[in-house]
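The next block holds one structure in the form of structure tokens; read it before the comments.
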Amino acid sequence: MTRQEASNKAHALVEQMTTAEQASQLRFDAPAIPRLNIPAYTWWNEALHGVARAGTATVFPQAIAMAAMFDEDAMEQIGEAISIEARAKYNASSALDDRDIYKGLTFWSPNINIFRDPRWGRGQETYGEDPYLTARLGVRFVKGLQGKGDHLRVAACAKHFAVHSGPEALRHEFDAVVSKKDLYETYLPAFEALVKEADVEAVMGAYNRVNGEPCCGSNTLLRDILRGEWGFKGHVVSDCWAIRDFHEHHMVTNGPQESAKMALEAGCDCNCGCTYQSIMEGIQKKLIDASFVKESCERLFTTRFLLGMFDPCEYDEIPYETVECKEHVDLAINAARKSQVLLKNNGILPLNKKELKTIGVIGPNANSRIPLQGNYYGTSSRYITVLEGIHDAAGEDVRILYSEGCHLYKDRSEGLACECDRLSEAITVATHSDITILVLGLDETLEGEEMGLSNGVGSGDKADLLLPEPQRILLQTLIGTGKPLVIVLMAGSAIDLSQAEDHADAILLSWYPGARGGRAVADVLFGHISPAGKLPVTFYRNIDSLPEFTDYSMKGRTYRYMTEDALYPFGYGLTYGKCEVTDAALQNDPAVDSDLSLSVTVKNFGDTDTDEVVEVYIRNLDSPLAVDNYSLCGFKRIFLEAGESRTIDIVISNQAMTVVDEEGRRLHDGDHFILYAGISQPDRRSMGLTGTRPVGIEVNLR
């Protein structure tokens with residue numbers, strides 16, 4: 001069904017409704033209209049890394065972990081698997097007339113905000129700090145979700161539009177002041193790509209204001225840019241109770257009717273919240289023009305027709321048995337394997353079971369299910385923690401000793417005990433083991449969305465980059481035992497790992513790896529597969545050099561603008577192989593063709609088969625408008641056997657050779673560029689850590 005056909009059907013149906021009925025359909029919990037055979041529908045559903053909050057589903061690695069795969073094809077496959085399960089669950093619940101929340105086909109995912117500051121608790125939901133990487137992964141994820149059929153398999157939603165990345169505690173009242181250059185250079189490109197390339201069906205507005213305008217009522221964002229400049233044809237939904245913030249926190253309107261008017265006139269069609277319940281009163285007072293209600297109602301029903309909700313649809317027969325099927329579980333485990341980032345290895349990894357009699361597994365995240373899940377997750381029928389994964393992989397001939405070591409963030413594990421009540425046990429385990437695997441990090445109780453119980457300092461954000469104090473004490477204590485030490489970090493953001501970098505033998509970043517993530521971690525530790533994930537965010541040494549959290553200028557932020565060396569740079573990650581780009585050359589004339597075709601030769605000089613990610617960065621040598629450093633402009637994940645050399649082609653979009661001026665205009669300015677093709681950034685720190693140097697290619701347009 002084409003959009004025009006769906007729009008025509010929507011128009012015909014909405015014409016039969018009263019204005020009150022039209023207004024009722026703009027609520028996220030739209031009621032039934034029996035006389036028109038319209039069932040109730042709840043628009044609110046989540047699919048960040050699997051169908052969430054609706055019972056059983058395959059729980060994939062958290063979004064930031066999937067970004068670390070640097071794998072566009074895998075993102076589309078995951079999106080397809082999620083949407084198949086979504087349809088299966090929808091078919092089953094609809095057959096029982098269950099129209100509850102989280103049971104529909106409109107999914108408020110993905111989150112493509114830029115992870116500009118490592119303190120943001122919801123950064124784990126994003127694809128990292130780079131607009132290009134975020135765009136490429138987001139486009140393919142949306143294509144996987146929405147499918148290629150006559151109807152949409154599900155409707156995806158790009159959120160949160162726009163300039164939204166903390167602080168969580170201020171989001172309902174905060175005004176993100178941003179230059180037009182930063183807006184179009186960093187904050188908008190991924191949204192534009194999802195609209196223009198992926199035909200994303202929905203866009204969600206953010207809680208905050210941008211340059212004075214509430215995002216869900218912003219004429220600049222919703223009318224001028226989204227629908228005007230980009231030609232967006234889908235529907236816009238508010239973040240939950242964000243329109244109420246107009247009058248309660250932003251103080252830009254005098255009450256719910258004025259807030260509803262502002263949002264409707266800007267083009268916000270669906271209200272997650274309760275403010276649109278005042279629409280009819282606003283119409284009666286001649287404050288709200290009913291034509292805006294009808295317009296939004298038609299857009300929403302266009303989406304419902306595109307989803308095949310009122311006609312037979314090719315997805316109606318997807319059986320419930322696809323939910324958490326073996327194919328999807330295997331896909332999730334493989335994604336968890338591919339997302340692991342090896343930050344340090346002095347040769348201790350992979351572990352050799354033949355040389356080990358006893359392994360000590362210690363740490364608050366070692367046997368916890370919570371960090372497997374991240375946030376916005378579904379329910380798995382089985383979980384495999386890191387401890388369980390190590391038990392399974394080690395086999396019966398290796399003894400596993402375990403200690404929690406400390407609470408995740410409290411000073412004791414048992415309320416009546418003394419401080420550090422698990423520390424002596426941890427020492428005992430370490431000293432009785434050949435090697436210690438220390439599983440540290442965070443979970444959704446410490447970083448996430450607007451909370452205040454376990455994380456009182458930041459409402460879900462982090463005050464700094466340090467591990468909680470009990471974990472720092474545990475780490476220092478185990479370093480003091482002198483035993484070989486492998487750190488497994490489970491977190492959704494950058495952590496200060498300076499102490500571990502100085503003293504641990506190896507550091508493996510496992511993120512929040514999904515329900516069976518412990519198996520993937522063990523597979524990497526024991527060398528069943530080689531890690532090859534790359535950091536989608538910068539791991540800073542500390543926050544001393546970062547601007548204030550509330551400063552939305554990009555100056556000094558992320559790898560594109562920072563001036564100091566990172567602890568672990570964006571794009572960095574080791575493998576068990578030894579891969580290097582040995583040659584790179586342009587295959588076309590840059591002065592003639594708009595896009596660049598780059599041929600890159602990669603060789604694995606090691607004795608271990610491995611995946612590797614080829615990364616291409618571009619630096620504009622002429623323009624004063626260029627980003628301070630360079631930008632990612634191409635990447636490709638490949639597999640190399642030991643000793644194998646492969647040549648691959650990577651297309652560099654013409655847009656990579658543009659800049660953004662102070663008025664937000666994207667233009668060509670400069671004729672001389674350098675492309676860097678390697679397995680990391682071309683920065684000094686990355687080259688030192690990897691022992692390789694990217695190949696530089698000069699590009700001259702004249």
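A salt bridge between R136 and E197 is present, with a side-chain N of the basic residue lying under 4.0 Å from a carboxylate O of the acidic one. In this structure, E201 pairs ionically with R3, as a charged nitrogen and a carboxylate oxygen lie closer than 4.0 Å. Taking 4.0 Å as the cut-off between side-chain N and carboxylate O, E21 and R35 count as a salt-bridged pair. A salt bridge is defined here as a Lys NZ or Arg NE, NH1 or NH2 lying under 4.0 Å from an Asp or Glu carboxylate O, and K261 with E258 fails to meet this definition. Checked for salt-bridge contact, K143 and E72 miss the test: no charged N lies under 4.0 Å from a carboxylate O. Taking 4.0 Å as the cut-off between side-chain N and carboxylate O, R209 and E173 do not count as a salt-bridged pair. Checked for salt-bridge contact, E85 and K89 miss the test: no charged N lies under 4.0 Å from a carboxylate O.
Ring pair W44/W108 is parallel by interplanar angle, where below 30° counts as parallel and above 60° as perpendicular. Note on ring orientation: taking the six-membered ring where Trp is involved, the planes of F305 and F310 are tilted (angle from 30° to 60°).
A pairwise comparison of heavy atoms in C216 and L222 identifies O-CD1, 3.8 Å as the closest pair. Here the closest heavy-atom approach between residue G448 and residue E168 is recorded as O-CG, 4.0 Å. Across all non-hydrogen atoms, the minimal contact from I64 to G123 is CD1-O, 4.1 Å. Y276 and L264 get closest at one heavy-atom pair: OH-N, 3.5 Å. Across M17 and C297, no two heavy atoms sit closer than the pair SD-SG, 4.0 Å. Residues A47 and I82 share a closest heavy-atom pair of CB-CG2, 3.8 Å.
Side-chain atoms of E298 never come within 3.5 Å of backbone atoms of A12 as a donor-acceptor pair (strictly under, hydrogens ignored). No donor-acceptor distance shorter than 3.5 angstrom exists from the side chain of E125 to the backbone of L48, with no hydrogens or angles considered. Judged by distance alone, with hydrogens and angles left aside, the side-chain atoms of S259 form a donor-acceptor pair with the main-chain N or O of G255 at under 3.5 Å. Side-chain atoms of D175 come within 3.5 Å of backbone atoms of G212 as a donor-acceptor pair (strictly under, hydrogens ignored). Looking at S296, its side chain never comes within 3.5 Å of a backbone N or O of V293 through a donor-acceptor pair. At distances below 3.5 Å, at least one donor-acceptor pair connects side-chain atoms of S83 with backbone N or O atoms of E80. At least one donor-acceptor pair under 3.5 Å links the side chain of D130 to the backbone N or O of L133.
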Open item on the list: Before you tell me yes or no, could you show the steps for T126 and R122 under side chain to side chain contact (heavy atoms under 4.5 Å, CB included), namely the whole-Å CA-CA distance, both residues' side-chain angles and the distance that decides it to 0.1 Å?
Closed with: CA-CA 8 Å; T126 75; R122 296 190 73 182; over 6 Å; no
TODO: Please step through salt bridge (charged side-chain N to carboxylate O under 4.0 Å, His left out) for the pair E185 and R666, ending with a clear verdict.
DONE: CA-CA 8 Å; E185 188 173 75; R666 187 170 289 278; over 6 Å; no
Open item on the list: Before you tell me yes or no, could you show the steps for T134 and I114 under side chain to side chain contact (heavy atoms under 4.5 Å, CB included), namely the whole-Å CA-CA distance, both residues' side-chain angles and the distance that decides it to 0.1 Å?
Closed with: CA-CA 8 Å; T134 299; I114 297 302; 3.9 Å; yes
Task: Trace of the side chain to side chain donor-acceptor pair (under 3.5 Å) decision for Y207 with E450 - done: CA-CA 12 Å; Y207 283 109; E450 195 181 28; 5.6 Å; no
Open item on the list: Show, in sequence, the C-alpha distance, side-chain angles and deciding distance for D245 and H250, and conclude whether the side chain to side chain donor-acceptor pair (under 3.5 Å) test is met.
Closed with: CA-CA 6 Å; D245 288 341; H250 293 304; 4.9 Å; no
Open item on the list: Is there a side chain to side chain contact (heavy atoms under 4.5 Å, CB included) between Y377 and L372? Walk through the geometry before answering.
Closed with: CA-CA 10 Å; Y377 50 83; L372 299 176; over 6 Å; no
Open item on the list: Does F191 form a side chain to side chain contact (heavy atoms under 4.5 Å, CB included) with V200? I'd like the steps, not just the answer.
Closed with: CA-CA 9 Å; F191 285 98; V200 69; over 6 Å; no
Open item on the list: Run E192 and Y184 through side chain to side chain donor-acceptor pair (under 3.5 Å) and show every step you take.
Closed with: CA-CA 10 Å; E192 183 177 7; Y184 281 89; over 6 Å; no
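Sparse packing is recorded around NZ of K9, with 12 or fewer heavy atoms of other residues, nucleotides or ligands lying under 6.0 Å away. For K555, the NZ atom is loosely surrounded, since the number of other residues' heavy atoms within 6.0 Å does not exceed 12.
To the nearest 0.5 Å, atoms CG (D199) and CG (L306) are separated by 10.5 Å. Distance OG1/T220 to CG/L226: 12.0 Å, rounded to 0.5 Å. Atoms CG and CG, on N91 and L96 in that order, are 11.0 Å from each other to the nearest 0.5 Å. Rounding to the nearest 0.5 angstrom, the gap separating the CD atom in E447 from the NZ atom in K462 is 5.5 Å. Distance check, rounded to the nearest 0.5 Å: CG of L152 to OG1 of T303 gives 7.5 Å. Taking CZ of F549 as the reference point, atom CZ of R119 lies at 6.5 Å (rounded to 0.5 Å).
Defined by atom type and a distance below 3.5 Å, a donor-acceptor pair is missing between the side-chain atoms of Q373 and E444. Side-chain contact of N375 with Q62: a donor-acceptor pair under 3.5 Å is present, judged by distance alone. Side chains of S459 and R171: no donor on one and acceptor on the other come within 3.5 Å.
Looking at C270 and F28, their side chains come closer than 4.5 Å, going by heavy atoms from C-beta outward. You'll find the side chain of L300 reaches within 4.5 Å of the side chain of W43, heavy atoms only. The shortest distance between side-chain heavy atoms of C215 and H160 does not fall below 4.5 Å. With a 4.5 Å cut-off on side-chain heavy atoms, T538 and P118 do not count as touching. A heavy-atom distance below 4.5 Å is not found between the side chains of Y315 and I84. In this structure, Y187 and V178 have side chains that are in contact, with non-hydrogen atoms separated by less than 4.5 Å. Proximity of R227 to V236: side-chain heavy atoms (C-beta onward) are separated by under 4.5 Å at one or more points. With a 4.5 Å cut-off on side-chain heavy atoms, F570 and T558 do not count as touching.
The cationic atom of K159 (NZ for Lys, CZ for Arg) lies less than 6.0 Å from the six-membered ring centre of Y376 and within 45° of the ring axis. Annotation: cation-pi geometry not satisfied between R99 and Y41 (NZ/CZ under 6.0 angstrom from ring centroid, within 45° of ring axis).
A centroid separation of 6.0 Å or more is found between the aromatic rings of W511 and H49. Annotation: Y552 is in aromatic contact with F174 [ring centroid separation under 6.0 Å].
Looking at H151, Q146, R87, M1 one by one, the single match for side chain to side chain contact (heavy atoms under 4.5 Å, CB included) with L307 turns out to be R87.
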